[in-house]
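Written out below as structure tokens is the structure these notes cover.
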Amino acid sequence: MQRATSAEPANRDVHGSADKLWPQIQALLWIVVAIAVGFYGNGKHDVITVARHHPDVWREAYYVGLTGIGINIVIFFYLAFWTTSVTALDSAQPFEPGSSAAIHIGTAAGIMAIVALASAFWPVWNVLTPVIMFILFMGSIMSVQLFPSWLFPFKTLKQASARAE
């Protein structure tokens, strides 16, 4: 048997903090890349100017995509706040049974938004449209990770089952 030296626990702590820090660094990198893509687009057209003023954007599809994003934002706040904070969820289930419809509606609205926005921006960016949309999507998803934990009081399945016991 080997004796543990005093250096081993220190190394574990360093690796443990690095493991906790790495997802935050990745999120920050996605956000920085998404901001850069938002400002520079494909090098010719930035996303903001294209969305607001470019004549080749298919406006009907663009508005359908924005509607899908709006529906997803409303469902996110419903699931994040209403089901966890207002209804005081204490069961072992992560969401109340009635919220499963909200998850399905959010999925359908997300698919609708992706297809509509890809169709709307395809005349401007062609093959780069899915790449630009993916980078902007990842940046928006990762930005939620950097919010303070008290802002979104999510309960994991582990926490909910611990309360039930």
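By convention here, the first residue in the shown sequence is residue 1. Remember, predicted model here, so these are calculated numbers, not experimental data.
With rounding to the nearest 0.5 Å, the separation of CD1 in I132 from CG in D46 is 10.5 Å. Here the OG1 atom belonging to T49 is positioned 15.5 Å from the NZ atom belonging to K44, to the nearest 0.5 angstrom. Expressed to the nearest 0.5 Å, how far CD1 of I105 lies from CD1 of I71 amounts to 8.5 Å.
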Can you list the steps and then say if Y62 with V57 is a side chain to side chain contact (heavy atoms under 4.5 Å, CB included)?
CA-CA 8 Å; Y62 175 68; V57 173; 4.2 Å; yes
Please assess F137 against I114 for the test side chain to side chain contact (heavy atoms under 4.5 Å, CB included), listing each intermediate value before the final yes or no.
CA-CA 10 Å; F137 171 75; I114 290 169; over 6 Å; no
Side chain to side chain contact (heavy atoms under 4.5 Å, CB included), that's the test. Do W22 and I25 meet it? Break it down for me.
CA-CA 5 Å; W22 181 241; I25 293 171; 3.9 Å; yes
CA sep, side-chain torsions, deciding dist, call: Q26, M142, side chain to side chain contact (heavy atoms under 4.5 Å, CB included):
CA-CA 8 Å; Q26 283 181 338; M142 293 298 165; over 6 Å; no
Run the side chain to side chain donor-acceptor pair (under 3.5 Å) test on W58 and E60 for me, step by step, so that the C-alpha distance in whole Å, both residues' side-chain angles and the decisive distance to 0.1 Å come before the verdict.
CA-CA 6 Å; W58 183 19; E60 292 82 9; 3.0 Å; yes
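Nearest approach of H54 to R59, heavy atoms of both residues: O-NH2, 3.1 Å. M138 and W30 get closest at one heavy-atom pair: CB-CE3, 3.4 Å. Between T129 and F121, the closest heavy-atom pair is OG1-O, 3.5 Å. A113 and G65 get closest at one heavy-atom pair: CB-O, 3.6 Å. Here the shortest heavy-atom pairing between G38 and L136 reads N-CD2, 4.2 Å.
Side-chain contact between V50 and W125 is present, with heavy atoms from C-beta onward closer than 4.5 Å. With a 4.5 Å cut-off on side-chain heavy atoms, L117 and I69 count as touching.
V32 and V47 fall into different hydrophobic clusters, where Ile, Leu, Val, Met, Phe, Trp and Tyr side chains are chained together by heavy-atom contacts under 4.5 Å. Residues L128 and F134 share a single hydrophobic cluster, defined by chaining ILVMFWY side chains whose heavy atoms lie under 4.5 Å apart. Follow the hydrophobic side-chain contacts under 4.5 Å out from V115 and you never reach L66; the two are in separate clusters. A single hydrophobic cluster is not seen to contain both I111 and V64; linkage of ILVMFWY side chains at heavy-atom distances under 4.5 Å, directly or through other members, places them apart. There is no path of hydrophobic side-chain contacts, each under 4.5 Å, that joins M112 to V74.
Remark: the backbone N or O of I75 is not paired with any side-chain donor or acceptor of N72 at under 3.5 angstrom.
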